Protein chains: 2
Amino acid sequence: MATYQADDGWDALGDPTRRAIVACLAERPRAVGELAEVLPISRPAVSQHLKVLKDAGLVTDRAAGTRRVYRLNPAGVAALRDQLDTYWNRALTGFQDAAETPTEEES
Amino acid sequence: MATYQADDGWDALGDPTRRAIVACLAERPRAVGELAEVLPISRPAVSQHLKVLKDAGLVTDRAAGTRRVYRLNPAGVAALRDQLDTYWNRALTGFQDAAETPTEEES
DNA sequence: GCCTTCGGTAAGTACTAGCTTACCGTTCGT
DNA sequence: ACGAACGGTAAGCTAGTACTTACCGAAGGC
């Protein structure tokens, strides 16, 4: 298998093409061929990316005749969102001591 | 420059090591050397990752003597969270028509 | 039944990003 | 002023991943 196996939703979204797929599926569910028409890559490449996204739990697929319709998985997206919330809360509660010192370069 | 330039916070979080750094900085701000002690990589590698995270707006740095203390940037984290919210909302509002058809393999 | 459409898989290639060591500038301590 | 600590940068190597074309199975239309 030359395809990449994502352990994590973050790894899956680390690729710009996969983010484009996710953004596309956020509008409405689409078949593999539809995605390949929009994106600047071949259809097999789309399949490989969809496999990664599916393994990461970010999309779900459903057979519809000969076509296979992929849609965004809200649960997977929510999982990432919760993790970001954790970071965000820790960053705020732990240390506001330098609220007036934003990213100074040097003296 | 052999260092990777992230266009996006997603690209920055696409790397497991950078996620470890972010998780570490979420607890409390740390200097570069402190991070290098905890992480299984060399100090220059940490520096390179911090540059990527800084360019992505996920961390901020502050000079403290000879040391340089990095901390998580709540604004950067919030930006990613908002984007996930958008995806999440679209996924829910656009198509709940198949709420009872989760990831079936085939007939 | 046949052919077409659709999509996943295999094999192979090219590029890029992450790591290392080596080096240099800066700041503090004495 | 000298030395040490801290950290950013350069150059180079390696690994892995994103892409391609070719092939194959499955489901529908006529």
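What's counted below: heavy atoms across the whole structure, side chains too, no hydrogens, waters or symmetry copies. Computed from a predicted structure; not experimentally measured.
- No donor-acceptor pair under 3.5 Å is formed between the side chain of B:Arg71 and the backbone N or O of B:Thr60.
- A pairwise comparison of heavy atoms in A:Gly9 and A:Leu58 identifies O-CD1, 4.0 Å as the closest pair.
- Residue B:Asp15 contributes atom CG, which lies 13 Å from atom P of D:dA18 at whole-angstrom precision.
- With rounding to whole Å, A:Leu35 atom CG is found 13 Å from D:dC19 atom P.
- Note: CG (B:Leu50) to C1' (C:dG18) measures 14 Å, nearest angstrom.
- Taking the side chain as every heavy atom from C-beta outward, A:Gln83 and B:Arg19 never approach each other to under 4.5 Å.
- A:Leu39 places its CG atom 16 Å from the C1' atom of D:dT20, with the value rounded to the nearest Å.
- Contact between the side-chain N/O atoms of A:Thr17 and the OP1/OP2 oxygens of D:dA18 is not found at any separation under 4.0 Å.
- Side-chain contact between A:Trp10 and A:Leu84 is present, with heavy atoms from C-beta onward closer than 4.5 Å.
- Atom CD1 of B:Ile41 and atom C1' of D:dG8 are 14 Å apart (whole Å).
- Summarising the geometry, the separation between NE2 on B:His49 and P on D:dT9 is reported as 15 Å, rounded to the nearest angstrom.
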For nucleotides 4-7 of chain D, list the nitrogen or oxygen atoms of the protein found under 3.5 Å from its nitrogen or oxygen atoms, one pair per line.
residue, atom, partner, partner atom, Å
D:dC6, O4', B:Thr66, OG1, 3.4
D:dG7, OP1, B:Val32, N, 3.2
D:dG7, OP2, B:Gly33, N, 2.8
D:dG7, N7, B:Arg43, NH1, 3.4
D:dG7, N7, B:Arg43, NH2, 3.1

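- B:Arg18 places a side-chain N or O within donor-acceptor distance of the main-chain N or O of B:Ala12, the cut-off being under 3.5 Å.
- In this structure, CG of A:Leu53 is placed 15 Å from C1' of C:dG8, rounded to the nearest angstrom.
- Side-chain nitrogen and oxygen atoms of B:Arg18 include at least one within less than 4.0 Å of the OP1 or OP2 phosphate oxygen of C:dG18.
- Between the C1' atom of C:dG18 and the CZ atom of B:Arg19 lies a distance of 14 Å, rounded to the nearest Å.
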What dot-bracket string describes DNA chain D from 5' to 3', counting Watson-Crick and G-U wobble pairs whose defining distances are under 3.5 Å, with [ ] for crossing pairs and | for pairs to another strand? ||||||||||||||||||||||||||||||
Do A:Leu35 and A:Leu25 pass the side-chain contact (heavy atoms from CB on, under 4.5 Å) test, and can you show the C-alpha distance, the side-chain angles, and the key distance before you say yes or no? CA-CA 9 Å; A:Leu35 289 169; A:Leu25 293 180; 4.2 Å; yes
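- Tested against A:Val22 for a side chain to side chain contact (heavy atoms under 4.5 Å, CB included), the candidates A:Leu72, A:Asn73, A:Thr17 yield a single pass: A:Leu72.
- Between B:Val59 and the choices B:Val52, B:Ile21, B:Leu53, the side chain to side chain contact (heavy atoms under 4.5 Å, CB included) rule is met once, by B:Leu53.
- A:His49 has its side chain out of reach of A:Leu39: every pair of non-hydrogen atoms, C-beta onward, lies at least 4.5 Å apart.
- The base of D:dT17 has none of its N or O atoms less than 3.5 Å from a complementary donor or acceptor on the side chain of A:Gln48.
- The side chain of A:Ser42 contributes an N or O atom lying less than 4.0 Å from OP1 or OP2 of D:dT20.
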